[in-house]
Amino acid sequence: VQFVESGGGSVQPGGSLRLSCAASGRYFSVYPLGWFLQAPVKEREFVAAISGLGRTTYYADSVKGRFTISRDNAKNTVYLQMSNLKPEDTDVYYCAAGKTVTTTRDAYTYWGQGTQVTVSS
């Protein structure tokens, strides 16, 4: 599985962005998917995850109620809708695919290239 991420950019506090991650390869719906963030000199941290058919989702406490993960298996794409963005959400965001829907970074095998999100006034 290979990913191409898009949708990052700069936004003011309180604004919104939608990240997209389009996958190539077969059997996209088999894979649980996740979004992680990474600040410089830090490890990647869990943001959100979704099961293969989209019935189960998990969120980090810091984004609950503000971010929504979704997927369109017909388009081989996973999304992260980000609302009410805060300066502390500034990071590089990565999509990933794994074998189980989990918050654990090491369970994910395939990773996107990352997209920068900057929240600043």
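Any value given below was found using the heavy atoms of this structure, including those in side chains, with hydrogens, waters and symmetry copies removed.
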Undergrad: If Ile, Leu, Val, Met, Phe, Trp and Tyr residues are connected whenever their side-chain heavy atoms lie under 4.5 Å apart, and connections chain through other members, are Val1 and Trp111 in the same group?
TA: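 No; Trp111 is not reachable from Val1 via cluster members.
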Undergrad: About how many Å separate CG of Leu85 and OG of Ser120, when rounded to the nearest 0.5 Å?
TA: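 Rounded to the nearest 0.5 Å, the OG-CG separation comes out at 12.0 Å.
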Undergrad: Working note: Gln116 + Thr90, criterion side chain to side chain contact (heavy atoms under 4.5 Å, CB included); need CA distance, chi angles, decisive distance, verdict.
TA: CA-CA 8 Å; Gln116 177 71 47; Thr90 296; 4.0 Å; yes
Undergrad: CD1/Ile50 to CH2/Trp35 distance, rounded to the nearest 0.5 angstrom?
TA: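 Between atom CD1 of Ile50 and atom CH2 of Trp35 there are 11.5 Å.
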Undergrad: Any idea which heavy atoms bring Tyr110 and Tyr31 closest together, and the distance?
TA: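 In this case the closest contact between Tyr110 and Tyr31 is CE1-CE2, 3.9 Å.
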Undergrad: For a quick test of reading the model, state the closest non-hydrogen atom pair linking Tyr108 to Ala49 and the distance between them.
TA: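 That would be OH-CB, 3.4 Å.
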Undergrad: If every non-hydrogen atom of Thr102 is compared with every non-hydrogen atom of Phe46, which pair is closest and at what distance?
TA: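 Looks like O-CE1, 3.9 Å.
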Undergrad: Closest approach of Asn73 and Gly52, non-hydrogen atoms and distance?
TA: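 Looks like ND2-O, 3.0 Å.
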Undergrad: Rounded to the nearest 0.5 Å, what separation is found between the CG atom of Leu80 and the OG1 atom of Thr68?
TA: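 The distance works out to 8.0 Å.
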Undergrad: How would you list all residue pairs meeting ring pair (Phe, Tyr, Trp, His ring centres under 6.0 Å) that involve residues 53-97, not counting sequence neighbours?
TA: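 Every pair satisfying ring pair (Phe, Tyr, Trp, His ring centres under 6.0 Å) with a residue in residues 53-97: there are none.
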Undergrad: Applying salt bridge (Lys or Arg N to Asp or Glu O under 4.0 Å), name anything that partners Glu88, two or more places apart in sequence or on another chain.
TA: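 In terms of salt bridge (Lys or Arg N to Asp or Glu O under 4.0 Å), with neighbours along the sequence ignored, Glu88 is linked to no residue.
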Undergrad: Looking at every non-hydrogen atom in both residues, tell me the closest pair between Val101 and Ser51 and how far apart they are.
TA: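 Closest approach of Val101 to Ser51, heavy atoms only: CG2-N, 3.9 Å.
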Undergrad: Which heavy atom of Val78 sits nearest a heavy atom of Ser70, and at what distance?
TA: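 Residues Val78 and Ser70, closest heavy atoms: CG2-O, 3.2 Å.
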Undergrad: Once salt bridge (Lys or Arg N to Asp or Glu O under 4.0 Å) is applied, what residue pairs with a partner in residues 47-66 remain, sequence neighbours excluded?
TA: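 Non-adjacent pairs meeting salt bridge (Lys or Arg N to Asp or Glu O under 4.0 Å): Asp61-Lys64, Arg66-Asp89.
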Undergrad: Can you pull the salt bridge (Lys or Arg N to Asp or Glu O under 4.0 Å) pairs that have at least one residue in residues 102-111, sequence neighbours excluded?
TA: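 Matches after skipping sequence neighbours: Glu43-Arg105.
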Undergrad: Please report, to 0.1 Å, the donor-acceptor pairs under 3.5 Å made by any side chain of residues 2-22, with sequence neighbours excluded.
TA:
residue	atom	partner	partner atom	Å
Glu5	OE2	Cys95	N	3.1
Glu5	OE2	Gly114	N	3.0

Undergrad: Restricting to pairs with a member in residues 109-121, which pass salt bridge (Lys or Arg N to Asp or Glu O under 4.0 Å), not counting sequence neighbours?
TA: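 Output for this query is empty, none listed.
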